Amino acid sequence: MRAILLAILLFGIASLILFTTIDVSTLFAGQHTFVDIYPSSNDIDCVACHHRIQEELNNSALHSELSCEDCHRFTGAGITFAEGGSPATPGEEAHAAYKPRCLDCHGEGGYAKQAPAFNESGYGSEFSAHRALVLKANSSGMCVGENEACLACHTNYSVKIDYSYFWNINYTVTGDGTEWNISQFAYNGTREYNITYSKSGAKHEFVNMTVVRKETCQKCHKNIYDALVNGTAGAGGVNDEDYLTHAPIEIDDPQWAMYPDNAWGHNRYHYKANRANIDNSNYCSRCHNVNYFASTHLQKSNTYNLTNVTADTNSTQVHAAEALWCTTCHGSGKTKEVINDPGTPGMNSYGHSATDPDFVDLIAESYARTFNGDICMGCHEAAEHPDHGSCCDCHVPGMKSFSRDIYIESEPSGYCTNS
Amino acid sequence: MNIKGFFLFAIAIVTIGIFVLPITVSLFAGQHSWYDLSVGPSDVPCEKCHADISDEMQSGESGAHGNLTCAMCHRSLFTGYEYARVQREYFVGPQGTIPGNESHAASTVKCMNCHGLYRAGTSGDFPENHCKDPEHAGNCMKCHWAGWYDFISAGGFGLEDPTGRNPGHNSTDTDTGEYAAHRQFVLDAMENNTLEGANEACIACHTKMPVKIGFNVTTGAKIIVNNSYSQSHSYWDVESITPGSYTTYEEEKE
């Protein structure tokens, strides 16, 4: 009973207060406490609404020292932002902030370190392997400008890539004792290769270039990386190499042990057999950005004559990676021009350079770039280069004519027959 | 005198007092003390009912608006509304007592009513001669700190002058807002009926009002790449780049 009376009393008092008070309640308390924007700079606390972005920047390998305003109120982009001062400045192209193009700072004449090639009009030369990605990014409308392409490689923004390309090629190589020819060329099937490169998803977590070079290439191009490292397992016999494609591999069959180095004085072909153990931070750049590799591996510059090799390539004109042909390094007149091995006793071989231009140049002239590597790999895969007893078939001039039917699959399987 | 006697005595005194006193007790004391509504700014003290807002305005955190009167915003002629008022001859509009039309004493206002006005170039262009308006007259420096040329439009969103004075014009002829990061926020706020105009967006950033924001953002891109080829020619065709995944999170501005 006492509790009921107490409740009635409290209810009555509350009603009385409500009835007699002259105050009204306001929707959205605090909406009349305005931020002082008098100073001629930004006075709005961006982080108050964007804590997460600040956290991302705190975890970022790059740009963590920059303020929000450094990028998002960058006046170098020709944008007038609203700001206080006496007199005040109304915004024009943007009010508080804009979504910057990475190239606003990293482009031509930019505020920060320029992005090679992509800082040029039209994103530089056709030799940049990723130019098509940048062009599409610029027209896609998903992000401002080309940023999708920048984010994909330079931040922890995740990437899924669906590739579509040919499944295999087959062709016939014939020799008549003086030169080689290719005939019966055909491409077949379609390979759908899907890549998921999951990262934290943070667009404001920029990764340093070591990570880009060590991870991004092989994650986005996993098909190629797997083709170089795993490929298709061989039969397992002593002479049965794995089917590793994309770039020639050292033939480490025991019979070649007597020739640890070839006529050029370095390990045969591009890589040692156990590719998975090599330093992946420069794995791709050895071919796809010789200029970078040469500038960062001075001790190898003389051994491999990298100054001249760099000049043979277009690597000074590209961003990140060069779209290559085998002939880029091994064509006629190049420092690493294909030659018939003069150092092999008893072999006055022919084929590679019997024609003018070289055989590799003829391939480049007649076949699409996408097939060039596999045409060469049809013989240069370790698994398929004949290991003994048949050298003369192809390499001894005037010996006899030969014909080999070659089947080779694209990356990552790289399975090949050469018979 | 015992207690019973004391109560009887008190009741008798009160009864006599009520019976002989010449005045009556009114409900709501003061209801007949009228405010002077003669010419000039409104004399009705808004603070009487809106003490909380008054406190906010006088809290020392009210930035540019700290010195404004209530009427400078809520009876602004830039709303285009006719408020009840008394005007003298030299004020804009008719003379005498003007009844309210769209609003009586005050209206809710759009921030852009003042901060979205168009001005051509840098020359003087006084909208509606507002310097002669009773609520604004003599208060120039409260808004235009640097002088009459101090243009206070926000700009940068590419929004049309909300007063309709200059159809097709934004704050300035070069106010495009095409790169404004928060433009969609402002446009969506204009579509939202919680507050007037784009006010939800304005006060979210420019006041100390607490805000919760639910973000739904992309965390990755999906890229479709096709190798296009014939026997003699090939190229990589990037077919599309689209958002590939999303995450949601909440930010809370305190």
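Chain letters run A, B, ... following the sequence lines, proteins first, then strands; residues in each count from 1. Please read all numbers here as calculations on a predicted model, not as lab measurements.
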Step-by-step salt bridge (Lys or Arg N to Asp or Glu O under 4.0 Å) determination, B/R75 to B/E135
CA-CA 7 Å; B/R75 288 171 62 82; B/E135 307 297 356; 3.1 Å; yes
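Of the listed residues (A/S140, A/A88, A/A82, A/A152), the greatest number of heavy-atom pairs within a distance under 4.5 Å of chain B belongs to A/A88. Residue with the most contacts toward chain B among A/P90, A/C143, A/A149: A/P90 (heavy-atom pairs, distance under 4.5 Å). If you tally non-hydrogen atom pairs under 4.5 Å between each of A/L151, A/L133, A/T155, A/V47 and chain B, the highest count goes to A/L133. Among A/E365, A/E93, A/K136, the residue with the largest count of heavy-atom pairs under 4.5 Å with chain B is A/E93. Counting heavy-atom pairs closer than 4.5 Å to chain B, the top-ranked of the candidates A/G201, A/A368, A/A129 is A/A368. Ranked by heavy-atom pairs under 4.5 Å with chain B, the first of A/C49, A/S86, A/A29 is A/C49.
Using a 4.5 Å cut-off between heavy atoms, B/I223 contacts chain A through both its backbone and its side chain. For A/I44, the part lying near chain B is the side chain, with the backbone staying farther off; criterion is any non-hydrogen pair under 4.5 Å. If you measure heavy-atom distances from A/Y193 to chain B, you find no contacts under 4.5 Å at all. For B/Y249, the part sitting under 4.5 Å from any heavy atom of chain A is the side chain, from C-beta outward, and nothing else. Of the two parts of A/F371, only the side chain, counted from C-beta on, holds a non-hydrogen atom closer than 4.5 Å to a non-hydrogen atom of chain B. With a threshold of 4.5 angstrom between heavy atoms, A/E148 approaches chain B through side-chain atoms but not through N, CA, C or O. When heavy atoms are compared at a cutoff of 4.5 Å, A/K203 approaches chain B solely by way of its side chain, counted from C-beta outward. The parts of A/I161 that come within reach of chain B are both its backbone and its side chain, each placing non-hydrogen atoms under 4.5 angstrom from that chain.
Side-chain contact between B/E239 and B/V225 is absent, with no heavy-atom pair separated by less than 4.5 Å.
Remark: A/R191 fails to qualify as a cation-pi partner of A/Y163 under the 6.0 Å distance and 45° angle criteria applied to the six-membered ring. Relative to the ring axis of B/F151, B/R119 places its NZ or CZ within 45° and under 6.0 Å from the centre.
A donor-acceptor contact under 3.5 angstrom links the side chains of A/S200 and A/E205, judged on distance only.
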